[in-house]
Undergrad: 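Below: one structure in structure tokens.
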Amino acid sequence: MPLNFYIYYRVEQAHAASLELRIHAMQTALRKQTGVAGRLLKKRDDSLLWMEIYEDVAESGPFEDALMQAVEKYHLKQFVEAGSQRHTECFVL
């Protein structure tokens, strides 16, 4: 059963531009590796609250592993606001 992944977090304002470039690079690499295209959204009235969306993921285990490795490779956690973390929610289609 395909899943949709929604990952949200707060970013440090000073590093937002650099992080956005890293996320787009990571999503491009993930798409090449897994076939899953990601999107990046920013909350309308809170530009430091971001959400990555990965839809219609057929094989969740391999995708989650690839995503976890990509987050480490691109050092994304260092740009998340202090005291915050990346939250992942999965929904079925």
Side-chain angles (χ1 to χ4, degrees):
M1 162 180 329
L3 293 174
N4 291 339
F5 285 74
Y6 300 92
I7 303 162
Y8 59 96
Y9 47 92
R10 268 190 188 288
V11 302
E12 295 280 352
Q13 184 169 356
H15 304 294
S18 177
L19 177 58
E20 186 169 1
L21 293 173
R22 286 174 184 253
I23 289 172
H24 287 301
M26 179 193 75
Q27 289 179 330
T28 297
L30 273 173
R31 185 179 67 244
K32 289 178 182 175
Q33 181 181 355
T34 67
V36 176
R39 294 185 289 143
L40 176 64
L41 304 176
K42 298 173 188 173
K43 189 172 180 188
R44 178 177 55 182
D45 57 349
D46 184 355
S47 64
L48 298 179
L49 181 59
W50 292 11
M51 180 180 290
E52 296 168 38
I53 298 175
Y54 303 94
E55 297 176 304
D56 202 21
V57 177
E59 296 184 42
S60 62
F63 176 77
E64 288 177 282
D65 291 342
L67 178 61
M68 184 175 62
Q69 291 170 8
V71 166
E72 293 300 320
K73 177 181 177 181
Y74 288 89
H75 307 285
L76 299 187
K77 291 181 183 178
Q78 74 184 34
F79 296 99
V80 172
E81 186 177 76
S84 185
Q85 63 183 352
R86 290 170 57 91
H87 300 277
T88 302
E89 303 289 344
C90 292
F91 292 80
V92 275
L93 295 174

Undergrad: Taking Val71 as the starting point, is it possible to reach Tyr74 by hopping between hydrophobic residues whose side chains are less than 4.5 Å apart?
TA: yes

Undergrad: Are side-chain heavy atoms of Leu19 and Tyr9 found at a separation under 4.5 Å?
TA: yes

Undergrad: Taking atom CG of Leu67 and atom CD1 of Ile7, what is their separation to the nearest 0.5 Å?
TA: 4.5 Å

Undergrad: Roughly how far apart are Gln69 CD and Met26 CE, rounded to 0.5 Å?
TA: 12.5 Å

Undergrad: Would one find more than 12 heavy atoms of other residues, nucleotides or ligands at under 6.0 Å from atom CD of Glu59?
TA: no

Undergrad: Test of understanding: clusters of I, L, V, M, F, W, Y form through side-chain heavy atoms closer than 4.5 Å, transitively. Do Leu3 and Met51 belong to the same one?
TA: no

Undergrad: Between Ile53 and Met1, is there a shared hydrophobic cluster once you connect ILVMFWY residues whose side-chain heavy atoms come closer than 4.5 Å?
TA: no

Undergrad: Checking Ile23 against Trp50 for the side-chain contact (heavy atoms from CB on, under 4.5 Å) test, could you report, in this order, the C-alpha distance in whole Å, the side-chain angles of both residues, the deciding distance, and whether it holds?
TA: CA-CA 11 Å; Ile23 289 172; Trp50 292 11; 3.8 Å; yes

Undergrad: How close do Glu55 and Asn4 get, heavy atom to heavy atom, and via which atoms?
TA: CA-OD1, 3.2 Å

Undergrad: Nearest 0.5 Å please: distance from the CG atom of Leu48 over to the CD atom of Glu12.
TA: 9.0 Å

Undergrad: Could you tell me the separation between the CD atom of Gln85 and the OH atom of Tyr8, rounded to the nearest 0.5 Å?
TA: 9.0 Å

Undergrad: Which heavy atom of Gln33 sits nearest to which heavy atom of Ala66, and what is that distance?
TA: NE2-CB, 3.6 Å

Undergrad: If hydrophobic clusters are built from ILVMFWY residues whose side chains come within less than 4.5 Å, do Val92 and Val36 share one?
TA: yes

Undergrad: Is it the case that the side chain of Ser84 and the backbone of Val80 share a donor-acceptor pair, with hydrogens and angles ignored and the cut-off at 3.5 Å?
TA: no

Undergrad: What distance do Gln13 atom CD and Ser47 atom OG have between them, rounded to the nearest 0.5 Å?
TA: 6.5 Å

Undergrad: Applying side-chain contact (heavy atoms from CB on, under 4.5 Å) to Arg10 and Asp46, what does each step give before you reach the verdict?
TA: CA-CA 9 Å; Arg10 268 190 188 288; Asp46 184 355; 2.5 Å; yes

Undergrad: Enter the distance from His15:NE2 to Phe79:CZ here, rounded to the nearest 0.5 Å.
TA: 6.5 Å

Undergrad: Would a single hydrophobic cluster contain both Tyr6 and Phe63, if residues Ile, Leu, Val, Met, Phe, Trp and Tyr are joined by side-chain heavy-atom contacts under 4.5 Å?
TA: no

Undergrad: Evaluate the side-chain proximity of Gln27 to Tyr54: yes if any heavy-atom separation is below 4.5 Å, no if none is.
TA: yes

